[in-house]
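Every value quoted in this text rests on a predicted model; they were computed, and no experiment measured them. For the numbers below, each heavy atom of this structure counts, side chains included, while hydrogens, waters and symmetry mates do not.
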Protein chains: 2
Amino acid sequence: MAGRGKSAGRPQRVTLHDLADHAGVSRATVSLVLRKSPLVAAKTREAVLESVRALGYVYNRGAANLRTQRSHTIGVSINEITNPYFTELTAAIQRAFLKHGRVVFIANSEEDPARQDDFIATMREYNADGLAICPSRGTSRETLRRLKKQGVACVLVSRDIGGSGLDYAGHANEAGMCEATEHLIGLGHRRIAMLGGNDLVSTGRERRGGYRKALGLHGIAIDEALVVEGEATRSFGAATVRRLLALKDPPTAAVCFNDVIAFGVMLGLRQVGREPGRDFAVIGYDDLAEAELWVPGLSTVRNDTRMLGETAAQLLLDRIENPDAPVRRVVLQPKFVIRESSGGQR
Amino acid sequence: MAGRGKSAGRPQRVTLHDLADHAGVSRATVSLVLRKSPLVAAKTREAVLESVRALGYVYNRGAANLRTQRSHTIGVSINEITNPYFTELTAAIQRAFLKHGRVVFIANSEEDPARQDDFIATMREYNADGLAICPSRGTSRETLRRLKKQGVACVLVSRDIGGSGLDYAGHANEAGMCEATEHLIGLGHRRIAMLGGNDLVSTGRERRGGYRKALGLHGIAIDEALVVEGEATRSFGAATVRRLLALKDPPTAAVCFNDVIAFGVMLGLRQVGREPGRDFAVIGYDDLAEAELWVPGLSTVRNDTRMLGETAAQLLLDRIENPDAPVRRVVLQPKFVIRESSGGQR
DNA sequence: CTTATAATTTAGATCGTTCTAAATTTTGGT
DNA sequence: ACCAAAATTTAGAACGATCTAAATTATAAG
């Protein structure tokens, strides 16, 4: 009596049709009940809901999406989820969309544009309403312009790709790094290294630009030997600071592309018997939860990750709502946090 | 000429129908081409693929799933993605499924069984082929049994829920923690604290059990004041070790539920002027990338995360293939790694 | 040139929902 | 009791793919 299909084999999925039969109404009415339409009479609604319970019905969202041409699904592509900054950002983005009743699909592109492209293609095949992208290194402007041209709602988060023509939510990286660097200059440092980041990614360009700008403002010549590109890992920070300390005119301080590198620098200093904050000044970027706990506490530039997630979500939802609105760019101001790792007056 | 529908409004999606018209064949043939069927003649295939390019066709996976009753989609529910162990595990699981051509849906339940249930419900609504679950704290056995009874393919990863009747892939936590604790005992420690974990989660029960077992094996009485439940955070580790050191008979060593807590312990020791590895022995659990870099290097129990991800994926894929096979449990052996934080002979 | 066989192609039903437009029932005023 | 208006319910056609079973075309053997 239950399950229409063949009596042999797998249990058939319970459908609207089954519910309709069971409750003695039409498919259309059942559909209205499930969508909480006010059109249907209270008594009918009760009967249908009772059938739902009785048959153990599971709504088929895929079928509904096919019909409505809307999926309420958002794809989120993250360049490197094992980086704690992006882990926090991902959680923030997810929370923000969840609050707006969207289902979120997360993928980790691991800095590989091909994987990112695959994911974007898959999400389009699933008819996602929109995409939030932290573009992996090397993402081409053309890829993104094509998305825009094809009418895919899209927002770039954290990292910008110039000329993509997409909405963007990010932080004011140049200003943040400039302030951090000027702080060190104010403490008397002249040989300041800049560790991590690169010019292939906007955040790298901007933070490295902020560093250069600060030195320029105070008439300090830039020694390219102290500007080191690198991965956002602790081991890069540790190895690099050890190498720089071995130079004949070593730096006395370092600003880092992010906190993870700064933690590495502090570990590296200890490995060679130097104490961060006393023998060498260190500044990070992001203000991860861990920064405050270190001994010495890490001076760093705080990005409001949760706010960025919410901003990105709002931009994307607006874009979905109104595909032809003018492009928007929101840049959040960071906050420089002074702790002990940058040392006192020297 | 392009796009069948109304000439006004949004661009219509290109469908198999459009491709068929454009290429002068039937819908069925186009479908065969897209699915790389060998049945179709080379010349026809070329023509269709040319139409795909010409019209900018995007495959509609939702429609296909509706028809085939298979989604090639896997839902992965993670209890806390900001914990780096789970971040790594998530990445490993994703990679493993990707290798098998599955699309992976990731959600962060943040230790909230309600969010986990929501996600599971959503995945069922999307007709996911299977679920990989790192159950959040407080997940009930009944929830999981119901899933099994309803024929949902499911594998538990890392954390076990007794009596769920589901496949499980995890690590031998008791053995790992027992070995670590015995190492400290061998070095002469008698007052050994156990920090973090709790009995609400299998990994906590097992690791704490391993600690108790080791003490028992060597006739050391357990001082419950030294066994502290807690969150897997650095701040818990730091605060707790400071508190324990203030006891009148303080511990001389600590084994930690995981590396993150152990890092916190090392930071906490420094905050009160003690040097980990020299003044106090510390052992972690997980062997995160960071463990090796610390000064002193963190002694810890290594879990092979990538292997766990692959194992879980294989169990789930087998289960999907063969729903009625007997339940399997795979437990991977960890490896104890000795570095400097556990100190030498005292 | 048949004819049997193999290789291709296809019409039409189907998956489980929602939508449109119309049919039916209920309600309330006279 | 009647009728208009409001409230509720519904049949049947979508959505965009795949499947089944059969039709068509090409190839080879006699």
Side-chain angles (χ1 to χ4, degrees), chain A residues 3-6 9-48 51-52 55-73 122 124-127, chain B residues 3-6 10-48 51-52 55-73 124-129:
Chain A
R4 299 146 296 128
K6 321 282 173 62
R10 303 302 209 69
Q12 286 288 122
R13 182 166 194 151
V14 178
T15 72
L16 277 198
H17 189 92
D18 301 317
L19 288 181
D21 283 359
H22 188 270
V25 295
S26 73
R27 256 171 23 254
T29 302
V30 175
S31 176
L32 289 173
V33 171
L34 294 179
R35 284 177 290 147
K36 307 191 199 315
S37 161
L39 286 179
V40 43
K43 210 161 65 173
T44 317
R45 186 196 325 279
E46 278 317 311
V48 171
S51 299
V52 167
L55 301 185
Y57 170 74
V58 175
Y59 183 72
N60 187 330
R61 213 167 276 277
N65 292 347
L66 176 58
R67 180 63 239 244
T68 58
Q69 308 281 52
R70 282 214 139 203
S71 65
H72 295 102
T73 290
T122 301
R124 295 192 63 197
E125 292 183 356
Y126 275 107
N127 201 22
Chain B
R4 301 147 295 131
K6 320 283 172 66
R10 303 299 208 70
Q12 286 289 120
R13 183 164 192 151
V14 177
T15 73
L16 278 199
H17 189 90
D18 301 317
L19 287 180
D21 283 359
H22 188 269
V25 295
S26 73
R27 254 169 28 251
T29 303
V30 176
S31 177
L32 290 173
V33 171
L34 294 179
R35 283 177 290 147
K36 306 191 200 314
S37 161
L39 286 179
V40 45
K43 213 162 62 173
T44 317
R45 187 197 324 279
E46 278 316 312
V48 171
S51 300
V52 167
L55 301 186
Y57 171 73
V58 175
Y59 183 74
N60 186 330
R61 212 168 275 276
N65 292 348
L66 175 58
R67 180 65 239 248
T68 58
Q69 308 281 55
R70 282 216 140 199
S71 65
H72 295 102
T73 290
R124 295 192 64 196
E125 292 184 356
Y126 275 108
N127 202 23
D129 290 350

Taking only residues two or more places apart in sequence, or in another chain, which ones meet [X] in a side chain to side chain donor-acceptor pair (under 3.5 Å)?
X: Thr44(A); result: none
X: Tyr126(B); result: Thr73(A)
X: Glu125(A); result: Arg61(B)

Tell me: [atom1] of [X] to [atom2] of [N], nearest whole Å?
X: Arg61(A); N: dT17(C); atom1: CZ; atom2: P; answer: 11 Å
X: Asn65(A); N: dA17(D); atom1: CG; atom2: P; answer: 14 Å
X: Glu125(B); N: dG16(C); atom1: CD; atom2: C1'; answer: 13 Å
X: His17(A); N: dT14(C); atom1: NE2; atom2: P; answer: 12 Å
X: Asn60(B); N: dT17(C); atom1: CG; atom2: P; answer: 17 Å
X: Leu34(A); N: dC19(C); atom1: CG; atom2: C1'; answer: 15 Å
X: Leu16(A); N: dA11(D); atom1: CG; atom2: C1'; answer: 15 Å
X: Tyr59(B); N: dA17(D); atom1: OH; atom2: P; answer: 8 Å

4.5 Å side-chain heavy-atom contact, Leu34(A) and Leu16(A): yes
Do Val48(A) and Val25(A) come close enough that some side-chain heavy atom pair is under 4.5 Å? yes
When you measure from the side chain of Asp18(B) to the backbone N and O of Thr15(B), does any donor-acceptor pair fall under 3.5 Å? yes
Sorted by first residue and then second, give each side-chain hydrogen bond (donor to acceptor under 3.5 Å, both in side chains) pair with at least one member in residues 22-40 of chain A; sequence neighbours left out. His22(A)-Ser51(A), Ser26(A)-Thr29(A), Ser31(A)-Arg35(A)
Using a cut-off of strictly less than 4.0 Å, decide whether [X] has a side-chain nitrogen or oxygen near OP1 or OP2 of [N].
X: Tyr126(A); N: dA17(D); result: no
X: Ser31(A); N: dT18(C); result: yes
X: Gln69(B); N: dC19(D); result: no

Looking only at heavy atoms, what is the nearest atom pair of Val58(A) and Arg124(B), with distance? CG2-NH2, 3.7 Å
Global bending angle along the helix from dC1(C)-dG30(D) to dT30(C)-dA1(D), which compares the axes of five pairs at either end, to 10 degrees: 40°
Nucleotides 8-13 of chain C: protein proximity per nucleotide (B base, S sugar-phosphate only, - neither; heavy atom, under 4.0 Å): SSBBBB
Nearest-0.5 Å distance that lies between atom CG in Asn127(B) and atom CD in Gln69(B): 6.5 Å
Pairwise 5' ranking along DNA chain D for Ala63(B) and Arg35(B), keeping only the more 5' one: Ala63(B)
